[in-house]
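Worksheet for the structure shown next.
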Amino acid sequence: MDIRAQVSMVFHLDKCIGCHTCSVACKNIWTDRKGAEYQWWNNVETKPGTGYPGKWEDQEIYKGGWVRDAKGRIRLKGAGKSKGLFNIFHNPNFPTVEDYYEPFTYNYLNLIEAPPGDDQPTARPISMITGEPIDVKMGPNWDDDLGGSADYARNDPNLAELTPAEQEAMFQLERMAFFYLPRICNHCLNPACVASCPSGAIYKRGEDGIVLINQKVCRAWRMCVTACPYKKTYYNWHTGKSEKCILCYPRMEAGYAPACMHSCVGRIRYIGVLLYDADRIEAVASADEKDLIDRQLDILMNPFDDAVIASAKANGIPDSTIKAAQNSPAYKFIKEWGMALPLHPEFRTLPMLWYVPPLLPVMASVMPTDGAQKGKLNEMAKTWTDNWLYDTSTDELWGTVEQTRFPLKYLASLFSAGNTAPVSDRLKKLMAVRIYRRWKTVGDIPESKMAQALRDTGLTQEAAEGIFYLTALAKFNDRFVIPAAHREQAMEMLEFTGDVKGNSGFGFREKAERGM
Amino acid sequence: MNMPNSLLFVGLPYAAMLLFLVGTIQRYRSRGFKVSSLSSQFLEGKSLFWGTVPFHWGILVVFFGHLTAFLIPRTILAWNGDPLRLFILQVTAFSFGLSILVGLSALLYRRLTNVRVRMVTNRMDLILELLLLVQVVLGLWIALGYRWGSSWFASDLSPYLMSLFAGDPNIVAVSAMPLPIKFHVIGAWLLVGIFPFTRLVHVMVAPLHYIARPYQVVMWNWDRKAIRDPRTPWTKTRPRNN
Ligand code: SF4
Ligand code: SF4
């Protein structure tokens, strides 16, 4: 057992309102620079949709992530030692500016300085690369909310798992649904970006698991951009260095939440420490596709276990980090309650950003009723004259989860490598918590039914209460349990204090050593 | 030994080598951040392929060909003893030379015509590409016009280079060479001299160590074992990130 610590994230998708506050917070702090204009370390996608860069999930196009060969070993799909070095002069799987968009601004000055004339002056879009006027074809969030559109939604790579009939059903006007998928770098346990970097510029920090690119060591070999299956490393065309989400490590070291998480309006984001067993990373990443999620859960260790704590301490993990791990909302959502899933586990990078899948687009279905259900509703709710009902009935406990208007298979393609069981398990838990709360607060559900719901999903009343609390009520300090790097260590991450020891008081302005 | 010859074949080489050494070390030390070749593949990917791939493979072969003839001239001469083998060597070298010419022209054309690529082009890029172009054209001309260069290079020019490195320059042979060859030699020294001021520096950081490295890199700020070892006083144990 070789215990390392990871600050891990959970995004509760039911709560995301798609406001992009997170993206803007990140952009303002980190990527509002020349060469980084197009980089969205945090972005929010509408699903179904093609995402950013277009169709990033389709590894037949981008060749990202790991694949397992016949012998059960994993190798990088589009990079690695032989492929990477052979293709170093020209990376055939490198996305170019067309796959993202050409960054632009507007020539606002023209509004003021245009000479008098018959027409209103306009502010034309100007490329931020060339300074020339351009016709804008694509921009940030171009596909925002286009959940049913032909160009975006229908080209979602996840639809490949669905039969044509199922796809058609998804796009019927009455059934159409979409949800938001906020994405940042997953700070993976088996990062493809790290493995692909010929210079060795990318590394994962042992103390907190943050994956960083050393800008001084990066030499523009561009392999990480190909290798990251989530397309979360970006090439800065101006500096010739690749850049990626740094999980706001300067803030984290000081104990603050990353800017995207801090500013999240929907409060969908949680961050907490997980202790994991580094010895088993490779074995887990090479597991059978259907076992990937369970095996990854296996190496997230119980922070109360004495052996785990001892091993963590032997690796120099401070007590405050261990304490944070015991208090971690991420541990609760991911491991204790089993409510979260990683995005595209089949890429085998073992992502450490987990998602609580969205219940709402799945659960609510429009169905014809006999009108009985409507009778139970409050006067104000009776807005429909026909018998169609936006149905969230709990009469049939799990029926609605299985026959959703948002096919389970679609969610499974996103969160569980096509296997619907883990997704429906998570959704049932979400449902069970609602049933429990409804029993408790509204009281129109019999206790037996509530008990059965909890029993079926393996939750206890305390767990349901805990899930409800963290989902709906959690305060800032419940959502973000971040152990600050110790002040003295935080300083030492940037400079070596030993260098200046003895320099105040009686010291020497020049080093005493002779020779070169 | 007349003045221009000794200036061009003794003074220039030594100046170039000095510039190369001091310039490269100094650039790495003071501007290490910029020691790389600024890739423009992000801005334009398709036509880059037709330039960079033939150019790089061509120049690798041709460069190491020259290097071999310089380092082991006798072996080359022995190999060339059989006309067929000589012919094969020359044809191979010439094809890779052509490959450089094709690639380099494509690169230069792309650099001059693509607006986005022009945005990341600086003066040294153009000077370098033009100089390389002159070198390649001269090289191909020499290969055609002054046959069996691999032999006369090994027998006449290798000793000249050796004498330079030995500190006892002997420029009799090179001074007697025809003009295109002289220009090719001068061009080579110019390339050596401007090396540290161009994108050529990326050669120095070619990531060959990747082959020996484990795929995953994990860095602890502190060397966990060392700080727990009472025999290492803490001032000797640097955090790894700096
Ligand atoms: S999401 Fe991509 S960039 Fe982030 S750690 Fe994983 S492989 Fe690397
Ligand atoms: S700030 Fe929060 S709620 Fe808004 S889009 Fe981002 S993740 Fe969703």
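In what follows, chains are A, B, ... by sequence order, proteins preceding strands, each numbered from 1. As the structure is a prediction and not an experimental result, all values here were calculated from the model.
Of all the heavy atoms in B:P207 and A:I88, the pair that sits closest is CG-CD1, 3.6 Å. Smallest separation of non-hydrogen atoms from B:S36 and A:R219: CB-O, 3.7 Å. For B:I211 against A:L85, the heavy-atom pair with the smallest separation is CG1-CD1, 3.6 Å.
Only the side chain of A:Y38 comes within contact range of chain B, with heavy atoms under 4.5 Å apart. Both the backbone and the side chain of B:V205 come within less than 4.5 Å of a heavy atom of chain A. Residue A:E282 does not touch chain B at all, counting heavy-atom pairs closer than 4.5 Å. Proximity to chain B involves both the backbone and the side chain of A:P191, based on heavy atoms less than 4.5 angstrom apart. Neither the backbone nor the side chain of A:L212 comes within less than 4.5 Å of any heavy atom in chain B. Using a 4.5 Å cut-off between heavy atoms, A:I129 touches chain B through backbone and side chain atoms alike. For A:N190, the parts lying near chain B are the backbone and the side chain together; criterion is any non-hydrogen pair under 4.5 Å.
With chain B as the partner, the residue from A:V217, A:V97, A:D99 showing the most heavy-atom pairs under 4.5 Å is A:V97. In terms of non-hydrogen atom pairs under 4.5 Å with chain B, the most contact-rich of A:S82, A:S127, A:G131, A:G80 is A:G80. Contact tally against chain B (heavy-atom pairs below 4.5 Å) for A:A278, A:P95, A:S199: the top residue is A:S199.
Taking 4.5 Å as the limit, every side-chain heavy atom of B:V217 sits out of range of all side-chain heavy atoms of A:I202. At a threshold of 4.5 Å between non-hydrogen side-chain atoms, the residues B:Q216 and A:Y203 do not count as touching. Contact check for B:E44 versus A:T96: no side-chain heavy atoms found under the 4.5 Å cut-off. Using a 4.5 Å heavy-atom cutoff, the side chains of A:V194 and B:Y215 are not in contact. Using a 4.5 Å heavy-atom cutoff, the side chains of A:H90 and B:L48 are in contact.
Note: B:F49 and A:F94 fail the aromatic proximity criterion, with ring centroids not under 6.0 Å apart. The aromatic ring centroids of A:Y100 and B:F42 lie less than 6.0 Å from each other. For A:F89 and B:W57, the gap between ring centers is short of 6.0 Å.
For A:N91 and B:Q41, the side-chain atoms include no donor-acceptor pair closer than 3.5 Å.
Other residues, nucleotides and ligands place no more than 12 heavy atoms under 6.0 Å from the CZ atom of B:F183. The environment of OH in B:Y14 is crowded: more than 12 heavy-atom neighbours from other residues, nucleotides or ligands sit within 6.0 Å. Shown here is B:Y28, whose OH atom has no more than 12 heavy atoms of other residues, nucleotides or ligands within 6.0 Å. In the displayed structure, B:R31 atom CZ is contacted under 6.0 Å by at most 12 heavy atoms of other residues, nucleotides or ligands. Annotation: B:Y109, atom OH; neighbour count of heavy atoms from other residues, nucleotides and ligands within 6.0 Å does not exceed 12. Dense packing is recorded around CG of A:D69, with more than 12 heavy atoms of other residues, nucleotides or ligands lying under 6.0 Å away.
Put simply, SG on A:C197 and CZ on B:R213 are 6.0 Å apart, with the number rounded to the nearest 0.5 Å. To the nearest 0.5 Å, atoms OG (B:S39) and CG (A:N236) are separated by 11.5 Å. Distance check, rounded to the nearest 0.5 Å: CG of B:L43 to NE2 of A:H238 gives 12.0 Å.
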Inset, instruction - List the steps, then state whether salt bridge (charged side-chain N to carboxylate O under 4.0 Å, His left out) holds for B:R116 with A:E98. - result: CA-CA 12 Å; B:R116 286 189 202 142; A:E98 284 82 15; 2.9 Å; yes

Inset, instruction - Let me see the working for B:W220 and A:E207 under side chain to side chain contact (heavy atoms under 4.5 Å, CB included), right down to the final yes or no. - result: CA-CA 6 Å; B:W220 293 78; A:E207 290 88 352; 4.0 Å; yes

Inset, instruction - Decide side chain to side chain contact (heavy atoms under 4.5 Å, CB included) for A:W237 and B:S40; before the verdict, give the C-alpha distance in whole Å, the side-chain angles of both, and the deciding distance to 0.1 Å. - result: CA-CA 7 Å; A:W237 56 269; B:S40 55; over 6 Å; no

